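Everything on this sheet refers to the single structure shown next.
A quick note: this is a predicted structure, and the numbers were derived from the prediction, not measured.
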Amino acid sequence: MTSVAPQDAAEHFGFVGRFFGMDMTASSERTREMLAWTPTGPTLVEDIREGAYTGA
């Protein structure tokens with residue numbers, strides 16, 4: 001794994017680097033409304049803290 005400074009993202013990742021370097025927020029509110037969806041289970045942060053993404 002390599003750490004890349006925000007100012008170097010565009011050069012390192014090519015055209016998608018600008019997207020990776022952006023500070024954006026996201027919400028599932030519209031999806032919940034459109035699909036009458038109520039998520040269940042742990043949040044992404046809870047999943048990560050529990051080690052769900054360690055590849056083990």
Side-chain angles (χ1 to χ4, degrees):
M1 185 180 302
T2 301
S3 180
V4 177
Q7 64 271 18
D8 298 331
E11 181 180 337
H12 183 80
F13 293 106
F15 75 96
V16 296
R18 292 181 194 167
F19 174 77
F20 293 152
M22 295 173 75
D23 185 16
M24 298 182 296
T25 59
S27 169
S28 64
E29 183 177 347
R30 184 167 164 98
T31 303
R32 292 178 193 203
E33 290 173 1
M34 290 174 55
L35 302 175
W37 170 57
T38 303
T40 60
T43 66
L44 175 61
V45 173
E46 290 168 342
D47 245 359
I48 292 169
R49 285 185 181 145
E50 293 298 317
Y53 299 94
T54 61

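In this structure the side chain of Arg32 never reaches within 4.5 angstrom of the side chain of Ser27, judged on heavy atoms.
Side-chain atoms of Thr43 come within 3.5 Å of backbone atoms of Glu46 as a donor-acceptor pair (strictly under, hydrogens ignored).
The neighbour count for Gln7 CD, taken as heavy atoms of other residues, nucleotides or ligands under 6.0 Å away, is above 12.
In this structure, Val45 is not a member of the same hydrophobic cluster as Met24, with clusters built from ILVMFWY side-chain heavy atoms closer than 4.5 Å.
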